[in-house]
Protein chains: 2
Amino acid sequence: MKFIIEGSRVFKALGDPKRAMIVDMLSCGELCACMILEKFQISQSTLSHHMKLLCECGLVVGRNEGKWTYYSLSADGIAKTKQFFCDITSGKENCICKEMNPDRCCND
Amino acid sequence: MKFIIEGSRVFKALGDPKRAMIVDMLSCGELCACMILEKFQISQSTLSHHMKLLCECGLVVGRNEGKWTYYSLSADGIAKTKQFFCDITSGKENCICKEMNPDRCCND
DNA sequence: GTGCCCTATCGAAAAATGTCAATATGAACT
DNA sequence: AGTTCATATTGACATTTTTCGATAGGGCAC
């Protein structure tokens, strides 16, 4: 249960189109917050909020350099997210439903 | 842009812990709505709403049999979701940032 | 130090979401 | 036809989320 709640936070973060687009932008390499801001019609405070969510869920990491903040994707966060998605869709070892539904789960 | 909005719908659906858990349950095989309902402390109308969202984003498919509705994961939906996640995190061919950031994206 | 730039935080308003009870739909059985 | 059961839809409410303007903090240049 805690496993699911923790894992779904990344999906919640990616559930907002703007944040998904930010992740896409970062997939090409590190970017300064101000560069990301240029691409969107949102206020600076809103962007800061989005970046905070992306960092808190582990998908993005921030790095301060002087007065700038550079953001980049976390390879570990990406790997964990892929693993989580596989876990909840493949019905194998880690599936939570094993305990909820022992009579019909994970017996293949 | 439309590509991102469409793709992030699946993540928005999975962003709710209960829906993520439902997906996990379905990963072990098809389940009747009433069986899923037994495992949660939610009303029937709430479950119906969750299942609707999971179906609309393409991750789950419903099948009517008499008065029952059976739900199962969509292999195609799962594959598409994996692909979308890879697209926005790998920075390769399909990355949206190419058009937004042509000077520094997708040149590796 | 003072001023300027970049980013984060706060407070508030609007919009979206999760939830329920009540009701509607639709299928099977008598 | 009427009843019962499983599911979907509706309407309402509380909570969460998105967003902004205003403000605060921290670094750099003068």
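Below, chains carry the letters A, B, ... as their sequence lines are ordered, and counting in each starts from 1. Since we're looking at a predicted model, the values are computed, not measured.
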For this session: Give B:Glu65 one of three labels, base, sugar-phosphate or nothing, depending on what nucleic acid heavy atoms sit under 4.0 Å from its own.
Result: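 No contact at all - B:Glu65 keeps every heavy atom at 4.0 Å or more from the nucleic acid.
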Problem set entry | Audit row: B:Leu31, B:Ile22, side-chain contact (heavy atoms from CB on, under 4.5 Å) steps and yes/no | CA-CA 10 Å; B:Leu31 284 174; B:Ile22 290 170; over 6 Å; no
For this session: Determine to 10° how strongly the helix from C:dG1-D:dC30 to C:dT30-D:dA1 is bent, judged from the axes of its five-pair ends.
Result: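 The end-segment axes of the helix from C:dG1-D:dC30 to C:dT30-D:dA1 are tilted 20° relative to each other.
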For this session: Summarise protein proximity over nucleotides 6-17 of chain C in one line of letters, 5' to 3': B for base, S for sugar-phosphate only, - for none, counting protein heavy atoms closer than 4.0 Å.
Result: SBBB-------S
Exercise. Which is the 5'-most and which the 3'-most nucleotide of DNA chain D that has an atom under 4.0 Å from a heavy atom of chain B?
Worked result: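 The protein-touched segment is D:dC5 to D:dT9.
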Exercise. In chain order, what residues pass the salt bridge (Lys or Arg N to Asp or Glu O under 4.0 Å) check against A:Glu56, with sequence neighbours excluded?
Worked result: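 Expected list: none.
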Exercise. Among all residues two or more places apart in sequence or in another chain, which pass the salt bridge (Lys or Arg N to Asp or Glu O under 4.0 Å) test with A:Glu6?
Worked result: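 For A:Glu6, the residues satisfying salt bridge (Lys or Arg N to Asp or Glu O under 4.0 Å) (neighbours in sequence not counted) are A:Arg9.
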What pairs with [X] under side chain to side chain donor-acceptor pair (under 3.5 Å), at least two apart in sequence or on another chain?
X	value
A:Thr69	A:Asn64
B:His50	B:Arg19
A:Ser45	A:Ser43
B:Lys80	B:Asp76

Problem set entry | Qualifying salt bridge (Lys or Arg N to Asp or Glu O under 4.0 Å) pairs, either residue in residues 41-51 of chain A, two or more places apart |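 Residue pairs with at least one partner in residues 41-51 of chain A: there are none.
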For this session: Can you sort out the partners of A:Ser72 under side-chain contact (heavy atoms from CB on, under 4.5 Å), two or more places apart, ordered by chain and number?
Result: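 side-chain contact (heavy atoms from CB on, under 4.5 Å) check on A:Ser72 returns A:Glu30, A:Val61.
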For this session: Using the test ring pair (Phe, Tyr, Trp, His ring centres under 6.0 Å), find all partners of B:Phe84 that sit at least two apart in sequence or belong to another chain.
Result: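 Applying ring pair (Phe, Tyr, Trp, His ring centres under 6.0 Å) to B:Phe84 gives B:Phe3, B:Phe11.
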